[in-house]
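Worksheet: the structure to be examined is printed underneath.
Atoms considered below: every heavy atom in the structure, side chains included; atoms not considered: hydrogens, waters and symmetry mates. The shown structure was predicted, so the numbers you read here are calculated from the model rather than taken from an experiment.
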Amino acid sequence: MNNNPNKHADNPKLDKKTKKSILIRLFGYIMKYWYLFLVAIALTLLSNQLSLLGPEYSGEAIDAIANENGVDFAAVKENVIKMLICYVCSAVMSYLLAVLMIKISQKIVRTMRKQLFEKLTTLPVSFFDTTATGDIISRISYDIDTVNASLSHDLIQVMTSIYTVVGSLVFMWKISKPMILVFVITVPISIIFTRYRSKKVRPLFKARSKKLGELNGYAEEMLSGCRTIKAYNREDEICSRFGERNKDAMDAYYNAEFYGATLGPSVNFINNLSISLVMILGGILYMYSQSGVVAAGSIFFITLGGVAKFVQYSRKFAGPISEFSNILHEFQSAFSAAERIFHILDEDPEAPDKKDAASLTEVKGEVDFKNVTFGYTPEKTILRDVSVTAQPGKTIAIVGPTGAGKTTIINLLMRFYDVNSGEIRVDGAETRDITRSSLRGAYTMVLQDTWLFHGTIFENIVYGKENATMEEVKKAAKAARIDSYIEHLPDGYDTILSDEGVNISKGQRQLITIARAMLSDSPMLILDEATSNVDSRTEIKIQEAMNELMKGRTCFVIAHRLSTIQNADLILVIRDGKITEQGNHEELLRLGGFYSTLYNSQFN
């Protein structure tokens, strides 16, 4: 059951317009909490302004110490106190800012996860047929956590860096205009290098997210099949395959981190070089200012305190630029993660019902296939010109070799997919003219792969009819031959089932799902090898209950054990996508075709 494998693949390369779109969308999440964000901006401005005033007061204190007329202790004390007040208040506001941004980011993450999960519930079955479960979980958990880290930490750094850089530049301009010339050379070099490396690094972070998703998908698949793996002694093989995927993921992770890590040290080197040049130039200007070569009031004149202030501001100026390169490194990862999240959010949901689609009411249960042709991909047709009519209240059994198209018929009945050509009618109405919710509500399904959720046995049974009473649940459980087992449990119907019901046997899980089906009052029934997980003795009892369940309902039964379908009103033999034989059990045996051969192979 595979759709086009490339349909839901991530876009390997994004243009500038798409990159800009992702940034705008992320900012849109922030603006949902604009009132908190405004407070964050105010805290950023105040914290950084106080931090920028610190060097100013420390420089004044140095000049008061280096005063030609002697140390001015009063001025030193006053400026040191001002400096300490500024730094303490700045630290407190920075803490408040960090707490506030964490709160904002958590709100955004909650919103994003909610949107992502709700979007998944609207996607067609084809998406889940072509996307590994582990990869989807990776996006819900790892990718959103990556975005959260950037919003809660990196965004603060960006806001702080911008204000610090601009503020430091203003203070340095006031102190000494000639010394700023150093940054005219070093800053463009940093920007050009950062831009160049970012273009090279970003695809590596995208590849890292993809490989981690594939690793999670493989791990989820193998863990769900652990019993089969042990039964066939394939532990070494699956460990080897996991090792290969693990290596690919770690190589992708290493490449992204390694080449991303070169950005920070390189920019740090440029910034350290610029600070060294500032100190050398400041020393030269101070020497000439002290010697009298440069007169006071000249743009080249500078005091010792002025040099100290300029050096501190130059570090504040260069530090954010260096930090920005590290932040950019993290943003590459967050950007790739956001892209993967938005990729799901942008998936086309299941096609909406027609505007004039009617609800299916008072269903009789007549189902008519007319010249139905279908394939999951254009290259491979699964069903070819299938025509058959299921009369109300009759049982239609479908048999055939693996891959013949039996499950595909179920997918089309439930409208998980739409036919390529031909039509399917229910009570004379074409299914594409019926709302999906009413069509699917007309069916009850009991599948070979049981699905139970974490909750009580009662909650699992009433899943098919949420307003059912305890008496109705007990009646359904009795009909499914599971009531005695449940009542002997310490907590009875209040017994908690672990995820997927792994704390009970497979046969008992199947019986509970059958009880769930019995509780439903849907007029049509789909059974996909529903008794395959129980022993022969239990199967006889279940078959009796099934016969009671099937009375008055149009039933579609997929079965490999032909003993369960001998009483079917119509048996369809599907081979190579076509109905090659049809009739009841006796008629097909007399025909001496594929069904007869299959039956004799099972019973003779």
Between [X] (side chain) and [Y] (backbone), is there a donor-acceptor pair under 3.5 Å?
{"X": "Ser387", "Y": "Lys370", "result": "no"}
{"X": "Lys119", "Y": "Lys114", "result": "no"}
{"X": "Asp427", "Y": "Glu366", "result": "yes"}
{"X": "Thr513", "Y": "Gln510", "result": "yes"}
{"X": "Asp494", "Y": "Thr456", "result": "no"}
{"X": "Ser601", "Y": "Leu598", "result": "yes"}

Tell me, please, whether Tyr218 has Arg241 positioned over its six-membered ring: NZ or CZ under 6.0 Å from the ring centre and within 45 degrees of its axis?
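No; the conditions do not both hold, so Arg241 does not lie above the ring face of Tyr218.
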With a 4.0 Å cut-off, would you call [X] and [Y] a salt bridge?
{"X": "Glu350", "Y": "Arg440", "result": "yes"}
{"X": "Glu423", "Y": "Arg425", "result": "yes"}
{"X": "Asp346", "Y": "Arg25", "result": "yes"}
{"X": "Lys354", "Y": "Asp433", "result": "yes"}
{"X": "Asp251", "Y": "Lys247", "result": "yes"}
{"X": "Arg436", "Y": "Asp353", "result": "yes"}

Looking only at heavy atoms, which two atoms of [X] and [Y] are closest? And how far apart?
{"X": "Leu413", "Y": "Leu439", "value": "O-CD2, 3.8 Å"}
{"X": "Ala515", "Y": "Ala476", "value": "O-CB, 3.5 Å"}
{"X": "Lys465", "Y": "Leu519", "value": "CD-O, 3.5 Å"}

For [X] and [Y], test the side chains for any donor-to-acceptor distance below 3.5 angstrom and give the result as yes or no.
{"X": "Thr408", "Y": "Tyr376", "answer": "yes"}
{"X": "Asn420", "Y": "Thr373", "answer": "no"}
{"X": "Ser520", "Y": "Ser522", "answer": "yes"}

How long is the gap from CG on Leu383 to CD1 on Ile574, to the nearest 0.5 Å?
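Here the rounded value is 7.0 Å.
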Return the orientation label for the Tyr29 and Phe342 ring planes: parallel under 30°, perpendicular over 60°, tilted otherwise.
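Parallel.
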List the steps and the verdict of side-chain hydrogen bond (donor to acceptor under 3.5 Å, both in side chains) for Tyr33 and Thr111.
CA-CA 11 Å; Tyr33 307 99; Thr111 300; 3.0 Å; yes
For Tyr595, enumerate each residue passing the side chain to side chain donor-acceptor pair (under 3.5 Å) test, keeping only those at least two apart in sequence or located in another chain.
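So Tyr595 forms a side chain to side chain donor-acceptor pair (under 3.5 Å) with His585.
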Within 6.0 Å of NZ in Lys394, more than 12 heavy atoms from elsewhere
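Incorrect, the count does not exceed 12.
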Indicate yes or no: at least one non-hydrogen side-chain atom of Val399 is less than 4.5 angstrom from one of Ile571.
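They are in side-chain contact.
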